[in-house]
Amino acid sequence: MTDVAPREAAKVKLGLLDLTPRQIVLMRRIPVVIVTGLVAFALAWVLFLADRSWTAHTSAGSAIAEPGEFIVTLLDGITFAGLLFVVASGFTLIFGLMRTVNMAHGAFFLFAAYIAIDMQQKFVGKTRNIQNEDVTMLKWFGPLLIGAAFAALLGVVMQQLFLRWNQGQDLRQAIITVAVTVILADQLLFQYGGLARRVVWPGDAVHFFEIFGQRYASSRLFMLGISIVVGICLWVWLNRTRMGMVIRAGVDDQEMVRALGINVAVVFGITFFVGSFLAGMGGVMGASFSGVALGTDGQWLLNSLIVVIIGGLGSIKGAVAGSLLFGLVSAFAPAYLPADYTFYSIIFTLVVLAIVLAVRPNGLYGRNE
Amino acid sequence: MKSPDLRTAAVAVSCVLLVLLPLVGSDFFIDFVMTRTLMLGLAASTIVFLSAYGGMDSLAQWMMFGIAGFAVGNLVADSGRGLKLDWNPWTAVPVALIVVTIAALTLGALAARSTGIYFLMLTLTYAVIGFYFFGQVTTFSGFGGVTGIDAPDFFLGHPKRLYYAALVLSVGAYVGFRAIARTPFGMALQGVRDDPVRMASLGFNVSLHRTLAFTLAGFVAGIAGVLNIWWNGQIDPTSIGISPTLDLFIIAVIGGIIHLEGAWLGAFVFVGANIYLRDIPLLGDIGGVIGERILAEERFNTVIGIVLLTIMLVSPDGIAGIIARTRERLRNRSRTNSTSTVATGTNDSHN
């Protein structure tokens, strides 16, 4: 009897199976092996296999055969990732410091976009058929800053009125922001109607150039440039200023920061301002890039969520990684899926999400709580 | 100790009233208000179940509702978009429920390691991906949606039968959820809600419990989805998009997310507000008073948003919470009144 007992103890009950610790360690590796295999296949497909005479037909050719189409897809992915980063960094900044999931982030995006559209029409002096040539840099950056500032103010007002005094009740705060979203989206629909509208790129930013025999619009690179500038400013602000230091300390240990005599309420307000400002900036850029309409707010809330779930909530580094991964996948999936199945590309977003969560439940740069 | 009895009694009385309702209510009221209330309540009760017993705030329940609807639609419809398999409506039901259960099992297993606000966001992501899936994958629907889905002959042209079906299923789900809470599985689930780490070190498989709870909730939401498709006869991706998803969550929250019966209460308020808002004297007038009709009936979302905001600011556990607290306060007041009279009585005797 006593001989049997230790061997029994060595087995660990795991659901329906009895496993030894060694088997469990091996089982833990299964997801990693599967993921590595999938990624390797995807790379091989995109680089060598796609759209050859002996493989399935895809809308873009493999990197070896059609470097131009590959580069264009890559640029599409990276420039879209830039826009994703601007929006999602605001979301993650707010969450990182305050643990507030701002469901109104998408609504702020839309709000800023509509303000900017109105402003641009005022600046240019006509309400329809605005051409790129009519728009100088000032007539694009002006609306951008005004729209983003309005979104930022709205964010601060929401935070001060509704969120300041129930700090720490994360579900309640999330539902309050849902309520704000519902109201704001409905009033925006009422004010601006359901038709798609857009901000017009400045004429100086819109040129076409040739890259490996493919035409490419410089406005996307212009957008990427702005995103990079935003990223650098954010990095400098968080890592090289006193304010940023306080915010990073607040992410780690809010009680200690408070105990050191720093006015956390002011820091919260400023963070909410910046986070909503970024949502608004993203909104104006997105409105120039692909236009906004009814429902765009939900779409961009989703985009921010996917980016921060992949990258890890509260981490700017994670926002960069998440935007790049999501941006690249959403550019490559439709281009490199077999032509009859391109509509399945939405599933790839889910697959990426599943893979990341299977390996790292808190996202790539998320921390265990 | 008396309050659970009172609560059960209140639920039982409302059940009896609901059974008798078709005798007095108009057909419109039964079909468009009460049947919808019961269906939405049934779906919302799965959110409450997950939240109250599992500590999981799920936004994916409306998608489960929609998956069941699309499954039935693809199997039953014989023209238009989708697979058009032209099955008998009854045989489509078990298949649709199996589909939705498998979907819930898979998505639940994926989300089981996330908790709290992460779970909320992940399930929201599921919901929106579900919307785009049915929108873009034209094999199953496309943005136009599936139309011409027949209910079984038993229900065709008999709104009261469908009402009773919804009522029976709602009562079944309510009793079932409360019974499950008392089984060993339900107890363990509540343990997982309160302290996952401790439960894990006691040898419970935390993510398995979460996954199974999510699967069960998905199954029940699927039942509600089947009912809805019989009621509605059509489904399109917009009807499972982000705003109806939030609406269902709002229903659960308005009712009170920790009280199971709150789901139906919230659904009643929501549906009632949706239909009768223009008839409410004060609100209807505001639409006319403010020249541009900021609060008119077509601005229903604004009203429901303001209601939600108010409830969240005043009473985070919703209408059911307000009722529970009012009862508590009344009881306390009567008790303090009696003690204070006793106290003054003794004082008097001293003087």
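Numbered from 1 within each chain, the chains take letters A, B, ... in sequence-line order.
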### Query
Can you find a pair of side-chain heavy atoms, one from Thr302(B) and one from Phe190(A), that are under 4.5 Å apart?
no

### Message
Are the side chains of Gln299(A) and Val128(B) in contact, using a 4.5 Å heavy-atom criterion?
### Response
no

### Query
Are side-chain heavy atoms of Thr125(B) and Ile309(A) found at a separation under 4.5 Å?
yes

### N/O donor-acceptor pair under 3.5 Å between Arg99(A) side chain and Ile117(B) backbone
no

#### Entry: Listed once per pair and sorted, the salt bridge (Lys or Arg N to Asp or Glu O under 4.0 Å) pairs that draw on residues 193-203 of chain B, sequence neighbours left out
Asp195(B)-Arg198(B)

### Task
For the residue pair Met312(B) and Phe162(A), establish whether any side-chain heavy-atom pair is separated by less than 4.5 Å.
no

#### Entry: Leu302(A) versus chain B, the contacting section by heavy-atom distance below 4.5 Å
side chain

### Task
Taking the side chain as every heavy atom from C-beta outward, state whether Leu124(B) and Leu301(A) have any pair of such atoms under 4.5 Å apart.
yes

### Query
If you take all heavy atoms of Gly298(A) and Ile242(B), which pair is closest and at what distance?
CA-CD1, 3.8 Å

### Query
So how far is it from Tyr118(B) OH to Asp170(A) CG, rounded to the nearest 0.5 Å?
9.5 Å

### Task
Measure Tyr126(B) against the heavy atoms of chain A and call it side chain, backbone, both or neither at under 4.5 Å.
side chain

### Query
If you measure from OG1 on Thr181(A) to CG on Leu308(B), what distance do you get to the nearest 0.5 Å?
10.0 Å

